[in-house]
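Predicted, not measured: the structure shown is a model, and the values here were computed from it. These values consider heavy atoms only, across backbone and side chains, with no hydrogens, waters or symmetry-generated copies.
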Amino acid sequence: MSSEKRRLIAGNWKMNGSLQEANEFMDAFGGNPAPDLVEVALMPPFTLLHPMSDRLASMGVVLGAQNVYNEDKGAFTGSICPMMLRDANCHYVIIGHSERRSIIGESNAKIRSKMNASWLHGLEPILCIGETLEQREKGITNSVLAEQLSILKGAPKEMPLTVAYEPVWAIGTGVTASAEQVTETHAFVHEELTRLGHDCRVLYGGSVNPGNAEELMSCPGVEGALVGGASLKADSFMEIVKATVKVVS
Ligand code: PEP
């Protein structure tokens with residue numbers, strides 16, 4: 001396990017945010033308070049990438065996208081390719097979020113090909129994995145996660161990668177995994193990644209908020225958070241960042 005990696009707090013705005021709301025957020029957020037200790041990233045919708053890019057960079061906040069298409073260019077109406085994300089100064093791209101797996105039906109094969117396309121253009125995928133409540137109750141959490149991680153077989157080890165463990169039952173529900181569940185599952189994810197030859201950061205995601213951030217970010221093997229709802233408001237996102245700074249200070 002690699003507790004010395006710089007923590008990452010990444011905000012996933014999902015399908016939320018007008019230009020006005022984005023400007024209000026940036027006015028209120030102010031900037032990354034401790035860039036040496038914690039990296040802060042924001043993933044607004046595609047329409048806000050260019051308008052937010054320069055200002056976020058000046059605040060020490062790294063830009064990311066929520067999705068990408070697995071081709072370089074061409075007749076793929078409605079899709080956004082990795083080069084377009086690089087053009088907007090994105091460093092990160094979320095791939096395999098549970099909402100895309102369940103609502104859009106994204107397969108592991110599609111997810112791997114999006115990762116390959118992203119790597120070709122220098123993007124760092126944040127690969128999301130996680131089990132449903134039914135799978136947890138059946139006791140098959142580890143095998144579900146191992147299968148989702150198995151797409152990394154044969155992936156170049158030197159490519160940048162972050163993994164986010166997000167139990168599906170904790171996303172947007174207000175229910176968080178307990179510290180024990182988080183610690184135990186992160187240990188398994190790190191073990192599996194080591195077996196596959198990848199030594200990357202593993203984030204926790206699922207209803208992280210200012211009230212639980214310190215406890216969750218203190219769990220062994222947790223190297224940051226992917227934050228949905230609580231990243232939409234500058235003050236709650238900042239509180240999560242500060243709680244993380246406190247944990248690593
Ligand atoms: C997410 O969108 O990845 C997420 C974890 O959302 P929330 O924090 O709202 O549960």
Side-chain angles (χ1 to χ4, degrees), residues 1-13 29-43 60-62 64 92 94 97-98 124 126-131 133 136 141-142 144-146 148-149 160-195 198-249:
M1 231 175 273
S2 33
S3 54
E4 73 286 355
K5 294 193 185 84
R6 189 160 66 121
R7 304 294 204 270
L8 169 63
I9 302 298
N12 171 16
W13 278 11
F29 188 70
N32 182 349
D36 292 345
L37 297 175
V38 175
E39 185 181 7
V40 178
L42 210 59
M43 286 81 183
V61 176
V62 180
Y92 290 108
I94 296 174
H97 192 281
S98 68
E124 176 164 349
I126 298 181
L127 170 64
C128 297
I129 58 169
E131 81 288 1
L133 185 57
R136 180 161 278 271
T141 296
N142 288 359
V144 169
L145 299 178
Q148 291 170 340
L149 286 172
L161 174 67
T162 292
V163 166
Y165 166 58
E166 301 203 298
V168 177
W169 46 273
I171 297 180
T173 57
V175 178
T176 40
S178 68
E180 292 71 27
Q181 288 169 324
V182 172
T183 303
E184 188 182 62
T185 314
H186 273 247
F188 175 76
V189 171
H190 277 287
E191 232 173 77
E192 204 53 22
L193 283 166
T194 304
R195 211 177 55 75
H198 291 271
D199 175 27
C200 67
R201 240 175 346 198
V202 181
L203 315 180
Y204 169 78
S207 298
V208 176
N209 62 47
N212 60 27
E214 191 176 333
E215 184 187 17
L216 290 165
M217 294 305 103
S218 302
C219 294
V222 174
E223 292 153 331
L226 185 53
V227 184
S231 71
L232 290 167
K233 294 267 174 285
D235 55 354
S236 54
F237 193 49
M238 181 57 91
E239 281 184 55
I240 292 168
V241 172
K242 286 187 174 161
T244 311
V245 172
K246 188 172 163 201
V247 169
V248 293
S249 295

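Expressed to the nearest 0.5 Å, how far CG of N209 lies from CD1 of I240 amounts to 6.5 Å. Taken from CD1 in I171 to OG1 in T176, the straight-line distance is 12.5 Å, to the nearest 0.5 Å. Note that the CG atom of L216 and the OG1 atom of T244 stand 9.5 Å from one another [nearest 0.5 Å].
Side-chain contact between S207 and T173 is present, with at least one heavy-atom pair separated by less than 4.5 Å. Residues L145 and V189 have side chains in contact (heavy-atom distance under 4.5 Å, counting atoms from C-beta outward). A heavy-atom distance below 4.5 Å is found between the side chains of R136 and T185. Taking 4.5 Å as the limit, some side-chain heavy atom of P33 sits within range of a side-chain heavy atom of M238. With a 4.5 Å cut-off on side-chain heavy atoms, K233 and E239 do not count as touching. Contact check for M217 versus I9: side-chain heavy atoms found under the 4.5 Å cut-off. Counting heavy atoms from C-beta on, the side chains of R201 and E124 come closer than 4.5 Å. For the pair E39/V62, a side-chain contact is recorded, criterion being any heavy-atom separation below 4.5 Å from C-beta on.
The list of ring pair (Phe, Tyr, Trp, His ring centres under 6.0 Å) pairs with a residue in residues 216-249, not counting sequence neighbours, reads F29-F237.
Scanning both residues, S236 and A230, for their nearest heavy atoms gives OG-O, 2.8 Å. Smallest separation of non-hydrogen atoms from C219 and T183: CB-OG1, 3.5 Å.
Ring orientation note: the planes of H186 and Y204 are tilted relative to one another, at an angle of 30° to 60°.
Listed by chain and residue number, nothing satisfies the ring pair (Phe, Tyr, Trp, His ring centres under 6.0 Å) test with Y92 (two or more places apart in sequence, or in another chain). Applying the side-chain contact (heavy atoms from CB on, under 4.5 Å) rule to V248 yields the partners R7, L37, V38; only residues at least two apart in sequence or on another chain are considered. The side-chain hydrogen bond (donor to acceptor under 3.5 Å, both in side chains) test applied to Q181 returns S178, not counting sequence neighbours. Checked against side-chain contact (heavy atoms from CB on, under 4.5 Å), A164 has the following partners two or more places apart in sequence or in another chain: I126, C128, E166, L203, L226. Evaluation of the ring pair (Phe, Tyr, Trp, His ring centres under 6.0 Å) rule for W13 yields F25 as partners, not counting sequence neighbours.
Using a distance-only test at 3.5 Å, with no hydrogens or angles considered, a donor-acceptor pair links the side chain of E223 to the main chain of V202. Although no hydrogens or angles enter the test, the distance criterion places no donor-acceptor pair under 3.5 Å between the side chain of T141 and the main chain of E131. At distances below 3.5 Å, at least one donor-acceptor pair connects side-chain atoms of H190 with backbone N or O atoms of G221.
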* To do: Take L161 and L127, measure what side chain to side chain contact (heavy atoms under 4.5 Å, CB included) needs, and give me the verdict at the end.
  => CA-CA 8 Å; L161 174 67; L127 170 64; 4.3 Å; yes
